[in-house]
Protein chains: 2
Amino acid sequence: MSAPQLQAVQCADCPIRHRAVCAKCNTDELETLDHIKYYRTFEAGQPVIWSGDAMSFVGSVVSGIATLTQTMEDGRTQMVGLLLPSDFVGRPGRDTAAYNVVATTELVMCCFRKKPFEDMMVETPHIAQRLLEMTLDELDAAREWMLVLGRKTAREKIASLLAIIARREASLHKETVKGEMVFDLKLTREAMADYLGLTLETVSRQISALKKDGVIVLQGKRHVTVPDMQRLMEEAGDDSDGGFLV
Amino acid sequence: MSAPQLQAVQCADCPIRHRAVCAKCNTDELETLDHIKYYRTFEAGQPVIWSGDAMSFVGSVVSGIATLTQTMEDGRTQMVGLLLPSDFVGRPGRDTAAYNVVATTELVMCCFRKKPFEDMMVETPHIAQRLLEMTLDELDAAREWMLVLGRKTAREKIASLLAIIARREASLHKETVKGEMVFDLKLTREAMADYLGLTLETVSRQISALKKDGVIVLQGKRHVTVPDMQRLMEEAGDDSDGGFLV
DNA sequence: CGACCATTTGAGCATCATCAACACTAGTGG
DNA sequence: CCACTAGTGTTGATGATGCTCAAATGGTCG
């Protein structure tokens with residue numbers, strides 16, 4: 001159960017080619033990246049890096065999901081990022097990790113040693129440009145999230161999270177975000193609680209409530225059907241159709 | 001009481017020269033900026049731009065304070081950014097504002113029309129580089145803030161806000177963040193509440209409590225003395241000396 | 001089967017929101 | 001000069017939302 005498909009994938013064939021930090025690179029630039037990249041895999045539950053540790057690499061999530069979390073001494077933890085395929089990990093110019101990164105599912109990352117990557121960023125505006133775009137998008141997402149954390153009720157928080165996941169799912173498959181949507185929750189109740197600043201009990205209760213009210217339908221604990229996205233977004237407190245920043 | 005000191009300041013003499021988006025520019029580049037920039041002033045309480053409005057410019061805060069807020073239809077509002085001198089407003093490549101920007105004090109901004117600025121970003125890597133750095137810093141700040149919103153108690157939230165303001169004050173004057181600190185709160189109780197996801201009553205109560213317990217001393221409503229920063233940071237729930245990302 | 005984990009559900013309680021009254025200050029106009 | 005108003009802040013009483021502690025359920029894996 002360790003290190004599956006570590007064979008060198010060509011950048012040109014990479015599944016996240018058009019969304020990751022390398023999205024704007026031309027053929028020559030991709031070839032350079034091909035030489036300095038390497039893959040790493042992590043099993044579900046495994047830490048990728050711990051806050052404060054030396055960080056010798058940066059990289060992109062190729063497949064799987066990871067979480068970015070912050071913790072206080074007494075153990076309270078807050079998720080501050082949910083890393084999906086194509087998301088970037090690490091900050092050029094910083095040499096210790098600022099957050100905990102943990103693989104939630106089996107995870108494949110495309111890594112670059114920090115120094116060569118930083119060198120390449122200087123020579124390759126395409127990479128820096130793309131990283132700026134991605135960082136601005138993340139900042140928007142973080143600000144959306146701050147509204148959820150600061151001002152929404154528990155029920156609205158759950159509805160918001162489901163809407164966000166549904167939206168990302170849709171954007172990945174280039175589907176529409178209207179009508180019915182079906183997806184798997186790849187997070188535990190506890191991870192959702194850490195995402196939303198709730199306890200896992202409250203998460204469980206509110207999911208049950210949304211189910212009872214017909215806003216969602218569950219098959220098992222994790223497989224979600226949303227019969228009417230419009231209804232879900234109303235429950236989330238979002239105005240009718242705004243907030244499509246993904 | 002309108003449009004004070006609108007005389008053209010030379011970029012080279014600009015008070016935010018070394019921290020703003022132009023920080024990395026050389027003399028030639030500054031001269032170009034000198035030609036396309038213009039100043040705008042806003043009175044305290046005046047909106048700079050409203051979410052959804054067309055945004056024809058980007059710019060930097062030169063002096064004063066502005067807030068970035070998001071609101072829900074029913075009026076609940078969450079601050080998602082506190083803009084101090086040198087902070088950047090607007091997103092290159094986006095043509096409508098995503099947030100409300102409001103001047104909290106009298107405000108002077110150094111503006112660039114969006115198109116010329118975007119053109120210049122392409123030709124001038126120094127600007128794009130600096131904008132990336134600043135955006136990454138903002139993202140870190142937003143994530144710190146998410147921990148505050150999601151997991152801290154009301155008392156810890158207030159202590160955290162005071163610590164953040166003290167830290168920024170110190171970094172502006174290049175002072176140390178140890179021992180005693182004195183500063184003015186440039187925010188109303190309501191603005192603090194919107195920052196922290198609380199009500200203004202709770203803000204008021206917790207400030208009173210911190211005062212009663214000797215963590216802070218107040219002269220008037222807004223002038224704060226922190227006798228012992230270490231103590232304040234303990235109240236904020238921050239580990240002894242970490243979290244210095246400013 | 002038994003151990004373990006994720007999840008659900010219940011009961012009681014603490015924190016913070018809500019509603020309301022009041023204090024203080026500055027500005028306005030009679 | 002003084003009432004009048006608007007804005008800001010403090011404080012009190014009450015209650016709802018979500019947390020804490022606790023127990024039970026169901027699924028998975030050895």
Side-chain angles (χ1 to χ4, degrees), chain A residues 1 43-45 67 72 74-78 102 104-105 148-162 184-213 216 218-224 235 237, chain B residues 1 43-46 67 72 74-78 102-105 148-162 184-213 216 218-224 235 237:
Chain A
M1 194 167 291
E43 293 168 42
T67 62
M72 297 171 66
D74 61 7
R76 281 177 282 176
T77 99
Q78 174 65 51
V102 179
T104 291
T105 63
V148 173
L149 287 172
R151 293 302 187 192
K152 293 195 178 179
T153 64
R155 184 183 175 98
E156 288 170 335
K157 284 180 176 183
I158 297 292
S160 298
L161 175 57
L162 295 175
D184 278 319
L185 270 176
K186 306 254 168 74
L187 299 175
T188 65
R189 299 292 186 253
E190 187 180 16
M192 291 189 252
D194 288 343
Y195 190 113
L196 298 170
L198 297 170
T199 59
L200 64 89
E201 293 95 329
T202 298
V203 170
S204 181
R205 274 184 249 273
Q206 295 300 335
I207 288 183
S208 297
L210 288 176
K211 178 174 145 191
K212 184 164 71 64
D213 296 346
I216 58 175
L218 290 184
Q219 282 102 39
K221 308 294 188 187
R222 301 280 191 97
H223 192 77
V224 181
E235 290 286 353
Chain B
M1 194 167 290
E43 293 169 42
Q46 233 187 333
T67 62
M72 297 171 66
D74 61 7
R76 281 178 281 176
T77 98
Q78 174 64 51
V102 179
T104 291
T105 64
V148 172
L149 288 171
R151 292 303 188 192
K152 292 195 178 179
T153 64
R155 184 182 174 101
E156 288 170 335
K157 284 180 175 182
I158 296 293
S160 298
L161 175 57
L162 295 175
D184 278 320
L185 271 175
K186 306 255 168 74
L187 299 175
T188 64
R189 300 293 187 251
E190 187 180 18
M192 292 188 252
D194 287 343
Y195 190 112
L196 298 169
L198 296 171
T199 58
L200 65 90
E201 293 95 329
T202 300
V203 170
S204 181
R205 273 184 249 274
Q206 295 299 335
I207 288 182
S208 298
L210 288 176
K211 177 174 146 192
K212 185 164 71 64
D213 296 345
I216 57 175
L218 290 183
Q219 282 103 40
K221 308 295 188 187
R222 302 280 192 96
H223 191 75
V224 181
E235 290 286 354

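- Along DNA chain D, the nucleotide nearest to A:Lys221 and the one nearest to A:Gln206 differ in position, and the one closer to the 5' end is contacted by A:Gln206.
- A donor atom on one side chain and an acceptor atom on the other are not found under 3.5 Å apart for B:Lys186 and B:Thr104.
- Closest to the side chain of B:Thr202, from the set C:dA17, C:dT18, D:dT8, is C:dA17.
- Nucleic acid contact for A:Ser204: base, since at least one base atom lies under 4.0 Å from a heavy atom of the residue.
- Here C:dT7 presents its P atom at 16 Å from NE2 of A:His223, a figure rounded to the nearest Å.
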Inset, instruction - Toss me the dot-bracket line for DNA chain D: Watson-Crick and G-U wobble, both under 3.5 Å, 5' to 3', using | for pairs to another strand and [ ] for crossers. - result: ||||||||||||||||||||||||||||||
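- The CZ-P distance, from B:Arg155 to C:dC16, rounds to 11 Å in whole Å.
- C:dC16 atom P lies 9 Å from atom CD of B:Glu156, rounded to whole Å.
- Salt bridge A:Arg76/B:Glu156: present, at least one basic N to carboxylate O contact under 4.0 Å.
- The base of D:dC21 is paired with the side chain of A:Glu201 by a donor and an acceptor separated by under 3.5 Å.
- With rounding to the nearest 0.5 Å, the separation of CG in A:Leu198 from OG in A:Ser204 is 12.0 Å.
- The distance between atom CG of B:Leu200 and atom P of C:dA17, rounded to the nearest whole Å, is 10 Å.
- In this structure, A:Arg151 atom CZ and D:dT17 atom P are separated by 17 Å, rounded to whole Å.
- With values rounded to the nearest 0.5 angstrom, B:Gln206 atom CD is found 10.5 Å from B:Leu196 atom CG.
- Nucleic acid contact for B:Gly220: none, since no nucleic acid atom lies under 4.0 Å from a heavy atom of the residue.
- Here the C1' atom of nucleotide D:dT17 and the CG atom of A:Leu196 are 16 Å apart, to the nearest Å.
- Not a single donor-acceptor pair, N or O on each side, falls under 3.5 Å between the base of D:dG7 and the side chain of B:Arg189.
- With hydrogens and angles ignored, a donor-acceptor pair closer than 3.5 Å exists between the side chain of B:Arg205 and the base of D:dG12.
- Using a 4.0 Å heavy-atom cutoff across all strands shown, B:Gly45 reaches no nucleic acid atom at all.
- Side-chain contact between B:Met192 and B:Leu161 is present, with at least one heavy-atom pair separated by less than 4.5 Å.
- Residue contacts for B:Leu198: at a heavy-atom cut-off of 4.0 Å it reaches the sugar-phosphate backbone alone, with no base atom in range.
- Interatomic distance, CG of B:Leu187 versus OG1 of B:Thr67, reported as 8.5 Å (0.5 Å rounding).
- Separating the CZ atom in A:Arg189 from the CD1 atom in A:Ile207 is a distance of 4.0 Å, to the nearest 0.5 Å.
- Rounded to whole Å, atom P of C:dT15 lies 12 Å from atom CZ of A:Arg76.
- Within 4.0 Å (heavy atoms only), B:Thr199 reaches at least one base atom of the nucleic acid.
- When rounded to the nearest whole Å, the span between CD of B:Glu190 and P of C:dT18 equals 13 Å.
- Taking a 6.0 Å sphere around CD of A:Glu190, one finds it holds 12 or fewer heavy atoms contributed by other residues, nucleotides or ligands.
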